[in-house]
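Have a look at the structure below, then the notes.
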Amino acid sequence: METWKIMEDKMIDINKRSCIFILQAFSKGGYIKEAFNWLNFLAENDRMHYAPMFNIFLSGCWSSKSFNHVDRCLELMENQLVGKSEITHWELLKLAVLQRNLSAVHEIWKEYTRYYSPSVIMLRKFIWCYAKLGDLDSGNAALKHLLVLARQGSASLSISGTGNYQSSAVDIPIPTKEKSYEKRFSLDNLSSLTFEGNPEKNEGPVEVSMDESSMGHHSIMKNLELKKSFESQSKLNIIDALLLKINGNTFFNELGKGRCIPVAHTIFDGAVRIDSSNFQVKQEDFSELSSGKMKQGLEMTSCPLKNLLRWSFNDMIHACAQSNNYQMAEQLFLQMLDIGLKPSEHTYDGFVKAAIEGKGVDYGMKVVKMMQERNIKPYNNTFAVLSVGYSRTLELDMAESFSNKISDKLPKNIHTFNTLLAACGFMDEPERAVRVLAKIKRLKIKLNIRTYELMFTLFGTVNVPYERGNILSHMDVTKRIGAIEMDMMKNGIHHSYASMKNLIRALGSEGMIQDMLRYLDIAENLLWQTDAHQTNDLYNIVLHALVKAKEVSRLLNSAVNRHKAIEVFRSMRSCGLPANVATYNIMIECCSMLKCFKSACAIISLMLREGFYPQTLTYTALIKVLLANEDFEGALNLLDQSHSEAIQLDVQLFNTILREAYIKRRIDVVELVVESMHREKIQPNPTSLWYTFSAYVESDFHSTAMEALQVLSMRMISEDNEILQGKKSVFEELILNEDPDVESEIIKTFKGSQEFLATALMNLRWCAIMGYSISWSPEESQWAKRLANKVST
C-alpha cells in the first residue's frame, strides 16, 4: 500500500501489471479484505477489470481458507460483466472441495458444461474433485468422457515454459447470469461494436463451431495478440476483445442464455452425452474403451496427455481405497493395463490400499510382490499402509519389518508407528515398542499426544499382570513416567484425557495407590472442562484399583476401618458427579471386601432409584458378597433368580462360584455349578476346567478328575454332539498322533481366537497319554450322568 501511495504522490500511472501485482500481494499474503477493497476500488474508478484478476482473488480465498468474500467477488464479477473462465471454475472447484461441498461441485459442472466443451485439463480437475469428495460414480463418468476424447484424438496438450500443462484452446470468459445478457453483441465489421435488442427476441441464431482442433498451431500467436489487446483495453469488457480477435470476420450470435458456443453437455444416469456440430459421444462409445482401438489411440497420444490420464486414474483408485470400494479400484487398474497405460508407483500405492481395505493385508502383499517382479519400488506410503494392516491383524513381525522400511520423516508417518505401538500394547510386547520408538527417534518424527497415551499404557507397569508390584517395580515406574512427562514438556505437548486415563489405570494396576490418587487430583485440575461422564470413567478406574488393592484407611474420628474406595465414592457423590452401572458394580464388589451384604443391598436400592437395572456383572458382584460370607446356598439361589429374570448369564459368573467352592473344598457346589452351565449351554473355559479338576484332585478323586477334564474339554470344543462327531476324525488325528512336534502344531494352528480350542485338544491329548480312552460322546460319561441325575433330584 505504501508503494502504491508513493506512486500516486509521484503521479506514476498504474497500469494493468501494477494492479495485478498489488492484488497478488494482498491475496497471497492473506489480506483478503484489502484485496477485495482493491477490486472494488478498481471498479469504482472504472479501471481494468477482467477474469484473471478475479481468479487471483479467488485463489487467495482458497489459500487463506477465507469464504466470506467469495460470494461478494462473484457478485462484483456479475456487475462488471466479467465472465467466468475455465480458471475461474477451477478456483471455485478448489473452494468447494475445501468446504467438502459436493453439491457445489455438481452445480459448477452444470454451469461449466452449459458454455464450454470440457477440455481434458478441466475434466482431469473435475475428476480430482469428485475423487476428493468420494463421488465415485461422477468421477468414473468424467473419466470415461476423458478417455473418449483421448481415443478420438480431439485433445491436445502442451507443456508451458513453467512446466504446467496447457490446452491449445483459448480460454474465453463467459458471463453465466441471465441478467447479464440484456443486450447482445453484433459485429458487422471489425471497427464497430454496438449493442442491439434482446437475445430472447432473436430468431434463427447462427452456430459457430469452436472445437479444440480448429485452433491449430496458431493458438500461441493468437494468445500473444490477445495479450496486446488486454494492454490496450481500459474500458471494454475482456470478452469483447476476445471475440474480436478470435473470429473477427464471423457474425456472433447468442444461443439462449449463453454466448456463441454451441456445445451443451448433460450427464445423466452414469452416461455422458455431448451434442455439438463436430462430434457426439453416447453410452455405446464407452464399450470401446477397453478394446484394441483404445490402446491404439493412446499409443498415438502425446506424453503429456498420457500423464494426465494416468493422474486421473490414480485419483480414482485412491478414492476407491478411501471409500473401501475394491471392485471399482480393480476394474480401473485392469483398464489401465488393458489400454496400455503403464501404472506408476502412485497407482500401485492406491491399489495396495484398496486391496488391503477390500481383501485384507495378505492380498495387498501379493500386489507388492507383483511390483517387485516388475522392478517397481514401493512408496513409503505403501510400506506404511502394509505396516498398519499387519498391526491390525496383530502380525507384529511383519508390521515391524515394513515400518523399518519407511525412510522419510513426514509427520503423517507417526500414525503408522502409533498403530504398531497400540498392537504392541495389546500383545504385551514392550520390548518391541522400545525398538519402534527408537526408529521414530532416528527418523526425527515428532511424537504426538496419541504416542504418549500409548507409552503410558506400555511402560506404566513393570510386573503386571504376571505378579503384583513391589518397591523396586514402583521405583522403576516412577522413573519411566517422569521421563515420558519430561519428553512431553520438551515437545510442548500437554496431557489429554486419554493420557491421564491411561496413566491412572497403569498406576492402579501396579498398586501405586497414593500416586494414582495424586494424579486423579491433577486430572481434575487440568481437565476441568472434561465432560462429566469422562470424569466418571476416571473415578471408576480409581475405584476398581482400590477394590483390587484392598486399600484400607483409618478415619481420624473413628476406630472403624473403612475402605478407601468408600471415601472416594462419597467424594464423587458430594461433587455431583453422575454414577453409572459400572460405578455401582464396583461398589457392590467393594462390599465383598467388607463382607457386608446389607450395604450391597443399599447400593442396589440406590442404583434402582437412579434408573439403573442390575446386569450380569451386578449379579456377579452380589454373589461375591455372599461367597465372602460362605453363603453358598444364597449364592446358588441368586444364580437361580438371575436366570428367572432373564439375565444373560456368562462363564465369569459361574467361575466366581467355582473359585470359592474349590477354595472351600465344596465339591457338591462345584458339581451343581458345572451341570447348571451345561443346561444353560454355556461353554466352560480353561479357568472352569482348572477349578473343577483341582477340586477333585485335592480331594484325592483322581479318576473322577480325569473324567471331568475329558468331558469339560469336549464341551469346550462344542456343546452340540453332532458338531463333535463331525470334527472327530480331524481332531482325533491330532490327539493320538505320536509325532513329537504335534503339540507345537496344535498351538500354532489354533492360536488367537481359537485359543480355547487348542487348550481343549491339549487336555484330551494329555488324557490319551495317561492311558484314558477318548470318548466323543460326553453325555455317555458316568460322571456326566451322575451330575444330571443329582441336579434333577
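Everything numeric in this text was worked out from a predicted model, so none of it was measured. No hydrogens, no waters, no symmetry mates; every other heavy atom, side chains included, goes into these values.
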Can you tell me how far [atom2] of [Y] sits from [atom1] of [X], rounded to the nearest 0.5 angstrom?
{"X": "Ser138", "Y": "Leu133", "atom1": "OG", "atom2": "CG", "result": "10.0 Å"}
{"X": "Glu330", "Y": "Lys359", "atom1": "CD", "atom2": "NZ", "result": "5.5 Å"}
{"X": "Asn418", "Y": "His415", "atom1": "CG", "atom2": "NE2", "result": "8.0 Å"}
{"X": "Ser499", "Y": "Met455", "atom1": "OG", "atom2": "CE", "result": "12.0 Å"}
{"X": "Asp739", "Y": "Ser744", "atom1": "CG", "atom2": "OG", "result": "9.5 Å"}
{"X": "Leu658", "Y": "Thr692", "atom1": "CG", "atom2": "OG1", "result": "5.0 Å"}

Taking the side chain as every heavy atom from C-beta outward, state whether [X] and [Y] have any atom pair closer than 4.5 Å.
{"X": "Lys439", "Y": "Leu443", "value": "yes"}
{"X": "Trp766", "Y": "Leu709", "value": "yes"}
{"X": "Ile717", "Y": "Leu764", "value": "yes"}
{"X": "Leu437", "Y": "Ile440", "value": "yes"}
{"X": "His678", "Y": "Glu779", "value": "yes"}
{"X": "Arg450", "Y": "Leu454", "value": "yes"}
{"X": "Thr759", "Y": "Ser713", "value": "no"}
{"X": "Leu538", "Y": "Tyr497", "value": "yes"}

Within a radius of less than 6.0 Å around [atom1] of [X], do more than 12 heavy atoms belonging to other residues, nucleotides or ligands occur?
{"X": "His544", "atom1": "NE2", "result": "no"}
{"X": "Lys132", "atom1": "NZ", "result": "no"}
{"X": "Gln322", "atom1": "CD", "result": "no"}
{"X": "Glu467", "atom1": "CD", "result": "yes"}

Residue pair [X] / [Y]: nearest heavy atoms and the distance that separates them:
{"X": "Cys424", "Y": "Leu396", "value": "CA-CD1, 4.2 Å"}
{"X": "Ala506", "Y": "Thr461", "value": "O-CG2, 3.5 Å"}
{"X": "Ile317", "Y": "Thr347", "value": "CD1-CG2, 3.8 Å"}
{"X": "Leu136", "Y": "Ser323", "value": "CD1-CB, 4.0 Å"}
{"X": "Thr382", "Y": "Val385", "value": "O-CG1, 3.1 Å"}
{"X": "Val120", "Y": "Leu308", "value": "O-CD2, 3.6 Å"}

| Pair Tyr348 + Phe333: ring centers closer than 6.0 Å | yes
| query | Is the ring centre of Phe456 less than 6.0 Å from the ring centre of His495? | reply | yes
| query | How far apart are the C-alpha atoms of Val742 and Arg765, what are their side-chain angles, what is the distance that settles it, and do they pass the side-chain contact (heavy atoms from CB on, under 4.5 Å) test? | reply | CA-CA 10 Å; Val742 69; Arg765 179 173 172 80; 3.2 Å; yes
| task | For the pair Tyr326 and Tyr363, name the ring-plane relationship: parallel under 30°, tilted 30 to 60°, perpendicular over 60°. | result | perpendicular
If you look only at distance, which donor and acceptor atoms sit under 3.5 Å apart when one is on a side chain in residues 400-407 and the other is two or more places apart or in another chain?
| unit_1 | atom_1 | unit_2 | atom_2 | d |
| --- | --- | --- | --- | --- |
| Glu400 | OE1 | Arg432 | NH1 | 2.6 |
| Glu400 | OE1 | Arg435 | NH2 | 3.0 |
| Glu400 | OE2 | Arg435 | NE | 2.8 |
| Glu400 | OE2 | Arg435 | NH2 | 3.4 |
| Ser403 | OG | Ala399 | O | 3.4 |
| Ser403 | OG | Glu400 | O | 2.7 |
| Asn404 | ND2 | Glu400 | O | 3.2 |
| Ser407 | OG | Asn380 | OD1 | 3.3 |
| Ser407 | OG | Asn380 | ND2 | 3.4 |

Under 3.5 Å side-chain donor-acceptor pair for [X] and [Y]:
{"X": "Gln710", "Y": "Ser775", "result": "no"}
{"X": "Ser312", "Y": "Asp315", "result": "no"}
{"X": "Tyr452", "Y": "Asp487", "result": "yes"}
{"X": "Lys353", "Y": "Asn381", "result": "no"}

Would a distance-only check, ignoring hydrogens and angles, find a side-chain to backbone donor-acceptor pair under 3.5 Å from [X] to [Y]?
{"X": "Asn502", "Y": "Glu453", "result": "yes"}
{"X": "Asp650", "Y": "Leu653", "result": "yes"}
{"X": "Glu345", "Y": "Lys377", "result": "no"}
{"X": "Ser387", "Y": "Phe383", "result": "no"}
{"X": "Arg310", "Y": "Met336", "result": "no"}
{"X": "Thr393", "Y": "Tyr390", "result": "yes"}

| message | Checking Ile481 against Leu507 for the side-chain contact (heavy atoms from CB on, under 4.5 Å) test, could you report, in this order, the C-alpha distance in whole Å, the side-chain angles of both residues, the deciding distance, and whether it holds? | response | CA-CA 10 Å; Ile481 292 174; Leu507 291 172; 3.6 Å; yes
| query | Between Trp128 and Trp90, does a side-chain contact (heavy atoms from CB on, under 4.5 Å) hold up when you go through it step by step? | reply | CA-CA 11 Å; Trp128 176 84; Trp90 169 230; 3.8 Å; yes
| field | Note: Asp476-Arg480 ion pair, threshold 4.0 Å (strictly below) | value | yes
| message | Under a 4.0 Å threshold between the charged nitrogen and the carboxylate oxygen, would Arg679 count as salt-bridged to Glu719? | response | no
| request: Evaluate side-chain contact (heavy atoms from CB on, under 4.5 Å) for Leu102 paired with Tyr130, printing each intermediate quantity in order. | output: CA-CA 8 Å; Leu102 180 60; Tyr130 289 133; 4.1 Å; yes
List the atom pairs, donor and acceptor, that lie under 3.5 Å between side-chain atoms in residues 725-736 and the rest of the protein, sequence neighbours left out.
| unit_1 | atom_1 | unit_2 | atom_2 | d |
| --- | --- | --- | --- | --- |
| Gln725 | NE2 | Trp776 | O | 2.9 |
| Gln725 | NE2 | Ser777 | OG | 3.4 |
| Glu732 | OE2 | Trp776 | NE1 | 3.2 |

